[in-house]
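The next block holds one structure in the form of structure tokens; read it before the comments.
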Amino acid sequence: MSGAPRRQYTNPVIRWIEYRLPIFSTVEATIGADMPTPKNLNYWWSFGGLLTLALVIQIVTGIVLAMHYIAHGSMAFDSVEHIMRNVNSGWLIRYVHANGASLFFLAVYVHIARGMYYGSYKYPREILWMLGVVIFLIMMATAFMGYVLPWGQMSFWAATVITNLFSAIPVIGEEITTWLWGGFSVDSPTLTRFYSLHYLLPFAIFGVTILHIWALHVHGPNNPTGIDVKGPQDTIPYKPYYTSKYLSVFSAFMMVLAVLVFFEPNYLGHPDNYKPADPLQTPAHIVPEWYFLPFYAILRAIPDKLLGVIAMFGSILVWFILPWLDTSRVRSGRYRPLFKQFFWLLVIDFLVLMWCGAQPAEGPALIVARIATAYYFLHFIVILPLVGWFERPKPLPESISTSVLGSGAAAPKAAE
Ligand code: HEM
């Protein structure tokens, strides 16, 4: 890389730094805010920015919590109570962190669904999509380990159920589980390693997010038509048009977070987690946080433990090959009448699985979970490839501009 500055800056301090370390121009060139952006991005394209904000909120509140939290089996629960009662604004920081995690997942589900609907995973954005799947997997690991830290009943038993899954691996399963636990059951050593990883992984998410945004900027974002940008007439500057759109979405997010934190801070939590962990008393009904429920339902829908674990991980890993499972050459669901219906069926299926995950794994709920699990895999492995082959897409507009302005309005009017 040449040492010459790529751009002249007016600010003398920035110019001084840039001459010695061209960091500003490099960042701008890679994830620059002045890139021409398709002019038709709707509000669903604000969720990536929102996720970045959510990640920063989690890291900042998490670092403050870590100043007061004690990762030891005999003190963790009390240290959280200490945060809630004695630390200045400790309750606020903890509630923002806990509810922030929920909203982070809500936003990521919307972000993923947007990508699926508009075919954002298709050529040439496959790596961008796959990096997203990696982020999602790390997010799940981070949230799971974070939930264990308060060392309440649900923390302890969730850790026990999930770590036990590894014992289903043939031959080495038991060894791996003992190694994960750092002993012969979930105990203080398990807590300390989860704490260490819970602190580390958000930075891994941050790192992969940089790659994610870098990949985004190589070909630019997709857009609701799925048609490539054909020239400057199809774009507007990112700043201030989309930055201002972001601001309204950020405000809405902060308002929802505030309502949760100030009015219903424990609505999304489980009351059993306000009881200290007790290895001798299994709760009647062990349930994970709401955002894990669909995957938990898939795990329990399958009678065999190993197959259940494979199905649960498989339900996310299948996203990696989504760009190749979808055989349609049309990107956006807007022009794919059949795909659109199956997309919404998948959303309903996911919500049904979420409901099933919250029920005891027996009776009608178990049967529904089995059907919904089968449909989930059917969608990706059978329906998507077939729909791509057999569907007759609607005619595509000529360009982004004609889709925005209509064919009659494509030619600019004479000045009035
Ligand atoms: C911490 C989590 C994440 C952050 C901070 C993040 C950030 C972003 C940002 C800033 C954008 C551009 C704005 C937008 O299109 O909304 C974006 C686009 C995208 N993201 Fe993510 N993302 C995250 C997770 C994910 C996940 C889990 C997936 C998929 C499994 C994913 C898939 C995509 C795709 C396909 C695009 C391109 C969208 C398009 O141009 O149509 N992202 N992401």
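Along the sequence shown, residues are numbered consecutively beginning with 1.
Smallest separation of non-hydrogen atoms from Phe320 and Met130: CE2-O, 3.6 Å. The heavy-atom pair separating Val186 from Thr190 by the smallest distance is CA-OG1, 3.4 Å. For Ile286 against Ala158, the heavy-atom pair with the smallest separation is CG2-N, 4.3 Å. In terms of heavy-atom proximity, Ala301 sits nearest to Leu366 at CA-CD1, 4.1 Å. Shown here for Pro124 and Arg331, the closest heavy-atom pair between the two residues is CD-NH2, 3.6 Å. Nearest heavy atoms, Tyr335 versus Thr225: CE1-O, 3.4 Å.
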Run the numbers on Thr402 and Ser399 for side chain to side chain donor-acceptor pair (under 3.5 Å), then give the verdict. CA-CA 5 Å; Thr402 47; Ser399 67; 3.3 Å; yes
List the steps, then state whether side-chain contact (heavy atoms from CB on, under 4.5 Å) holds for Trp214 with Leu211. CA-CA 5 Å; Trp214 181 8; Leu211 296 182; 3.8 Å; yes
If you apply the rule side chain to side chain donor-acceptor pair (under 3.5 Å), what do you find for Asn223 with Tyr118, and how did you get there? CA-CA 7 Å; Asn223 67 83; Tyr118 291 110; over 6 Å; no
Do Glu81 and Tyr274 pass the side-chain contact (heavy atoms from CB on, under 4.5 Å) test, and can you show the C-alpha distance, the side-chain angles, and the key distance before you say yes or no? CA-CA 9 Å; Glu81 282 306 300; Tyr274 280 99; 4.2 Å; yes
Should Phe194 and Phe144 be marked as a ring pair (Phe, Tyr, Trp, His ring centres under 6.0 Å) after you check the CA-CA gap, both sets of side-chain angles, and the distance that decides it? CA-CA 9 Å; Phe194 278 17; Phe144 162 65; 5.6 Å; yes
Using the rule given for side chain to side chain donor-acceptor pair (under 3.5 Å), can you reason through Thr163 versus Trp181, listing the C-alpha separation, both sets of side-chain angles and the distance that settles it, and then say yes or no? CA-CA 8 Å; Thr163 49; Trp181 284 338; 2.8 Å; yes
Before you tell me yes or no, could you show the steps for Trp157 and Gln153 under side chain to side chain donor-acceptor pair (under 3.5 Å), namely the whole-Å CA-CA distance, both residues' side-chain angles and the distance that decides it to 0.1 Å? CA-CA 6 Å; Trp157 289 98; Gln153 271 291 68; 3.2 Å; yes
Before giving the answer on side-chain contact (heavy atoms from CB on, under 4.5 Å), spell out for Tyr375 and Ile383 the whole-Å C-alpha distance, their side-chain angles and the decisive distance to 0.1 Å. CA-CA 10 Å; Tyr375 183 78; Ile383 295 175; 3.7 Å; yes
Trace of the side-chain contact (heavy atoms from CB on, under 4.5 Å) decision for Val387 with Arg336: CA-CA 9 Å; Val387 166; Arg336 302 187 56 195; 3.7 Å; yes
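Side-chain polar atoms of Lys305 and Ser167 form a donor-acceptor pair below 3.5 angstrom. Asn164 and Thr177 share no donor-acceptor pair across their side chains, judged by distance under 3.5 Å alone. There is no side-chain donor-acceptor pair under 3.5 Å between Tyr121 and Asn222. Defined by atom type and a distance below 3.5 Å, a donor-acceptor pair is present between the side-chain atoms of Trp290 and Ser102. Between the side chains of Tyr246 and Tyr241, no donor-acceptor pair is found at a separation under 3.5 Å. Of the N and O atoms on the side chains of Asp187 and Ser185, not one donor lies less than 3.5 Å from an acceptor on the other residue. Using modelled atom types and a 3.5 Å distance limit, the side chains of Asn99 and Tyr267 yield no donor-acceptor pair.
In this pair, Phe295 and Phe350 present their aromatic rings perpendicular. The plane angle is above 60°, beyond the 30 to 60° band. Below 30°, between 30° and 60°, or above 60°: for Tyr95 and Trp91 the angle between ring planes is above 60°, a perpendicular geometry.
Few gaps surround CD1 on Ile59; more than 12 heavy atoms of other groups in view lie less than 6.0 Å from it. Within a 6.0 Å sphere centred on CZ of Phe206, other residues, nucleotides and ligands contribute 12 heavy atoms or fewer. For Lys394, the NZ atom sits in a loose shell: 12 or fewer heavy atoms of surrounding residues, nucleotides or ligands are nearer than 6.0 Å. For CH2 of Trp355, the number of neighbouring non-hydrogen atoms (other residues, nucleotides, ligands) closer than 6.0 Å is greater than 12. By the neighbour-count criterion of 12 heavy atoms within 6.0 Å, atom CD1 of Ile23 is sparsely surrounded, having that number or fewer from other residues, nucleotides or ligands.
At a threshold of 4.5 Å between non-hydrogen side-chain atoms, the residues Ser155 and Phe77 do not count as touching. A heavy-atom distance below 4.5 Å is not found between the side chains of Met75 and Val80. Side-chain contact between Pro237 and Pro36 is absent, with no heavy-atom pair separated by less than 4.5 Å. Put simply, the side chain of Phe105 reaches to within 4.5 Å of the side chain of Met140, judged on heavy atoms. Residues Leu293 and Pro288 form a side-chain contact, since some pair of their non-hydrogen atoms from C-beta on lies under 4.5 Å apart.
We find the CG-CG distance between Leu306 and Leu165 to be 10.5 Å, quoted to the nearest 0.5 Å. Ile83 contributes atom CD1, which lies 11.0 Å from atom CE of Met67 (distance to the nearest 0.5 angstrom). The CE atom of Met84 sits 12.0 Å away from the OG atom of Ser79 when rounded to the nearest 0.5 Å. Here the NE2-CZ distance, from His219 to Arg125, works out to 8.0 Å after rounding to the nearest 0.5 Å. Atoms CD and CD1, on Glu175 and Ile169 in that order, are 12.0 Å from each other to the nearest 0.5 Å. Between atom CG of residue Leu322 and atom CE of residue Met116 there is a gap of 5.5 Å, rounded to the nearest 0.5 Å.
Of the possible polar contacts, one joining the Glu391 side chain to the Phe339 backbone as a donor-acceptor pair under 3.5 Å is found. With Ser332 contributing its side chain and Gly226 its backbone, the two residues share no donor-acceptor pair below 3.5 Å. Side chain of Thr243 to main chain of Lys239: no donor-acceptor pair is present (N/O by atom type, distance under 3.5 Å, no hydrogens or angles). In this structure, Thr192 contributes its side chain and Ala71 its backbone to no donor-acceptor pair below 3.5 Å. Counting only distance, with no hydrogens or angles, the side chain of Arg370 and the backbone of Ile298 share no donor-acceptor pair below 3.5 Å. In this structure a side-chain-to-backbone donor-acceptor pair under 3.5 Å is missing from Thr235 to Thr37. Distance alone, capped at 3.5 Å, is enough to place a donor-acceptor pair between the His212 side chain and the Leu128 backbone. Judged by distance alone, the side chain of Asp304 and the main-chain N or O of Leu307 form a donor-acceptor pair under 3.5 Å. Distance alone, capped at 3.5 Å, is enough to place a donor-acceptor pair between the His198 side chain and the Gly146 backbone. With hydrogens and angles disregarded, a donor-acceptor distance shorter than 3.5 Å links the side chain of Trp151 to the backbone of Gly73.
Less than 6.0 angstrom separates the ring centroid of Tyr69 from the ring centroid of Tyr195. Residues Phe136 and Trp319 place their aromatic rings such that the two centres sit under 6.0 Å apart.
The cationic group of Arg114 lies under 6.0 Å from the six-membered ring centre of Trp45 and within 45° of the ring axis, placing it in a cation-pi geometry.
Between Lys39 and Asp234 there is no salt bridge, since no side-chain N of the basic residue sits under 4.0 Å from a carboxylate O of the acidic one. A salt bridge between Arg85 and Asp78 is absent, with no side-chain N of the basic residue lying under 4.0 Å from a carboxylate O of the acidic one.
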